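Let me begin by presenting the structure, written as structure tokens, before commenting on it.
Counting starts at 1 for both ligands and their atoms, in listed order. These figures come from a predicted structure and were not determined experimentally.
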Amino acid sequence: MHSTTTKSQRSGGVIKRYREFLPVSPATPIISLGEGSTPLIYSPRLSERVGRGCEIFVKNEGVNPTGSFKDRGMTVAVSKAMDQGTTALICASTGNTSASAAAYAARAGISCVVILPAGKIATGKLLQAFAYGAKIVAIDGNFDDALRIVRELGETGDFTIVNSINPDRIAGQKTAAFEIVDELGDAPDFHLLPVGNAGNITAYWAGYREYFASERSTKLPAMIGFQAIGAAPIFYDRIINEPETIASAIRIGNPASWQQALAAVVESQGAIDVVSDEDIIAAQSWLAQHEGIFVEPASAASIAGFFKCCDSADAAHSFQKIRETSRIVCTVTGHGLKDPDVIIGQMTELKPIAATVADVRRAIEL
Ligand code: F0G
């Protein structure tokens with residue numbers, strides 16, 4: 001396996017890098033903020049945890065232009081929308097889609113309406129939508145209610161919907177799988193990621209299959225998706241009317257791509273599993289403090305899920321007898337600074353001391 005991608009293609013965003021795999025024509029105006037080409041970070045400590053010569057990598061999607069993986073799909077969706085003469089975007093969101101849509105709309109010079117569940121959007125994400133100049137509407141309802149309204153408004157023809165029910169979003173997001181294969185030289189054996197509306201697991205699976213079909217990889221990974229216990233409709237096989245989790249990005253009770261997610265786990269012989277809020281928060285701190293990667297709680301679901309696969313007898317997919325030298329990729333989907341409230345709650349107050357070396361030495365107990 002080899003990649004012919006040049007450095008300049010990497011810095012030009014996912015359409016420039018993977019145009020041949022994307023639904024764009026030479027006439028499509030490219031609306032890009034330089035998304036994609038995110039780091040795939042080898043993690044010695046996670047690798048140690050599973051043992052057996054296995055290698056674990058973290059795909060850090062939090063370093064995209066608006067701090068989440070959504071930018072990959074947004075560049076394609078907004079470029080195509082411009083091609084079709086759209087003047088306004090609309091989306092429902094738990095926060096990241098709205099931040100991304102708002103940024104790409106600003107870049108394109110069109111307007112953007114975001115419908116959000118009131119009081120359930122992480123501070124940083126709401127701030128982003130505001131800063132990028134979106135028209136923000138908060139509803140007394142959850143994400144599923146917001147998406148229902150967006151679907152109806154989309155039918156009027158006044159807006160282009162940029163949720164992942166728009167196939168251009170999925171097309172863009174599948175480039176993350178391409179990057180992983182390009183970098184590893186083949187597909188990994190397992191791919192772990194958080195699941196909310198289930199667009200991302202759908203997109204990764206499409207990307208892996210497409211690369212496999214074009215003989216850029218020799219195998220396909222088992223896809224293992226993690227939902228938060230209080231918002232796990234796919235795991236429990238029923239709509240959750242009032243989903244609850246600290247990981248507000250994946251607080252979704254009726255995912256739009258439910259069937260596609262199921263197809264991905266069945267076809268790949270993977271699994272859907274659940275992780276608790278406590279385990280998510282513990283994994284978020286662990287990843288920050290042991291690997292230097294600060295992610296938002298929803299993203300830490302893939303790391304919490306990794307630990308569950310290593311340690312727990314009731315994991316949907318155990319790594320205890322994993323084949324030696326397996327490669328595992330965990331996607332972390334969003335930057336930690338987007339959702340500071342949990343960490344702020346853990347911080348102790350800083351009491352200033354005198355500005356002398358002696359006082360500072362005493363404070364750090366040298
Ligand atoms: N991680 C983060 C940080 C997210 O923002 C989302 C989804 C997911 C994981 C789950 O991805 O929905 O493709 O299964 N956020 C959407 C939003 C719902 O509105 O920003 P998914």
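For ligand 1, the polar-atom distance check against Ala198 finds a nitrogen or oxygen pair separated by under 3.5 Å. The distance criterion of under 3.5 Å between nitrogen or oxygen atoms is not met by Ser299 with respect to ligand 1. An N or O contact shorter than 3.5 Å is missing between Gly334 and ligand 1 by distance. Where the criterion is an N or O separation shorter than 3.5 Å, residue side chain and backbone included, Lys70 meets it with respect to ligand 1. Checked against a 3.5 angstrom limit, the closest N/O atoms of Gly199 and ligand 1 fall inside it.
The CD atom of Glu61 sits 10.5 Å away from the CG atom of Leu193 when rounded to the nearest 0.5 Å.
Numbered from 1 in the order shown, with element, the atoms of ligand 1 that lie under 4.0 Å from a heavy atom of Ile252 read 18 (C). For ligand 1, the atoms lying closer than 4.0 Å to a non-hydrogen atom of Asn197 are 12 (O), 14 (O), 21 (P). Each of the atoms 14 (O) of ligand 1 lies under 4.0 Å from some heavy atom of Val195. For ligand 1, the atoms closer than 4.0 angstrom to any heavy atom of Asn200 are 13 (O), 21 (P). Per-residue contacts place Glu296 under 4.0 angstrom from the following atoms of ligand 1 (heavy atoms of the residue considered): 3 (C). Here is the list of ligand 1 atoms found below 4.0 Å of a heavy atom in Ser93: 17 (C), 19 (O), 20 (O). Short contacts between ligand 1 and Asn96, defined as distances under 4.0 Å to a heavy atom of the residue, involve ligand atoms 2 (C), 3 (C), 4 (C), 5 (O), 20 (O). The ligand atoms of ligand 1 that sit less than 4.0 angstrom from a heavy atom of Thr97 are 16 (C), 17 (C), 19 (O), 20 (O).
No side-chain N or O of Glu291 forms a donor-acceptor pair with one of Tyr42 less than 3.5 Å apart. The closest side-chain donor-acceptor pair between Asp186 and Thr218 falls under 3.5 angstrom.
Using a 4.0 Å cut-off between charged side-chain N and carboxylate O, Lys120 and Glu244 make a salt bridge. A salt bridge links Glu179 and Arg72; the closest N-O separation between the charged side-chain nitrogens and carboxylate oxygens is under 4.0 Å. For the pair Glu55 and Arg327, the salt-bridge criterion is met [side-chain N within less than 4.0 Å of a carboxylate O]. Classification of Arg209 and Glu267 as a salt-bridged pair holds, one side-chain N sitting under 4.0 Å from a carboxylate O. A salt bridge is absent between Asp339 and Lys125; no separation between the charged side-chain nitrogens and carboxylate oxygens falls under 4.0 Å.
With a 4.0 Å cut-off on non-hydrogen atoms, Thr202 does not touch ligand 1 at all. Looking at Ile250 against ligand 1, only its side chain comes within 4.0 Å, counting heavy atoms.
Looking from atom 11 (O) of ligand 1 to the surrounding protein, the closest heavy atom is Phe69 CZ, 3.5 Å. Among protein heavy atoms, atom 4 (C) of ligand 1 sits closest to Ala249 CB, 3.5 Å. With respect to atom 2 (C) of ligand 1, the closest heavy atom belonging to the protein is Thr333 OG1, 3.3 Å. In this structure, atom 18 (C) of ligand 1 lies nearest to the protein heavy atom Thr94 OG1, 3.4 Å.
Taking the centre and axis of the six-membered ring of Tyr104, the NZ or CZ atom of Arg107 falls outside the cone set by 45° and 6.0 Å.
Contact between Ile201 and ligand 1 is absent, with no heavy atom of the residue lying under 4.0 Å from the ligand. Put simply, no part of Ser68 is less than 4.0 Å from ligand 1, judged by heavy atoms.
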Name the atoms and distances for all side-chain donor-acceptor pairs under 3.5 Å in residues 348-356, with sequence neighbours left out.
from	atom 1	to	atom 2	distance (Å)
Thr356	OG1	Asp359	N	3.0
Thr356	OG1	Asp359	OD2	2.5

Compile the donor-acceptor pairs under 3.5 Å between side chains in residues 73-84 and protein atoms, sequence neighbours left out, one pair per line.
from	atom 1	to	atom 2	distance (Å)
Thr75	OG1	Ile31	O	2.6
Ser79	OG	Pro29	O	3.4
Ser79	OG	Ile31	N	2.8
Ser79	OG	Thr75	O	2.6
Lys80	NZ	Pro23	O	2.9
Asp83	OD2	Thr28	OG1	3.0

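Heavy-atom contacts from other residues, nucleotides or ligands closer than 6.0 Å to CZ of Arg52 number more than 12.
Of the possible polar contacts, none joining the Asp311 side chain to the Lys308 backbone as a donor-acceptor pair under 3.5 Å is found.
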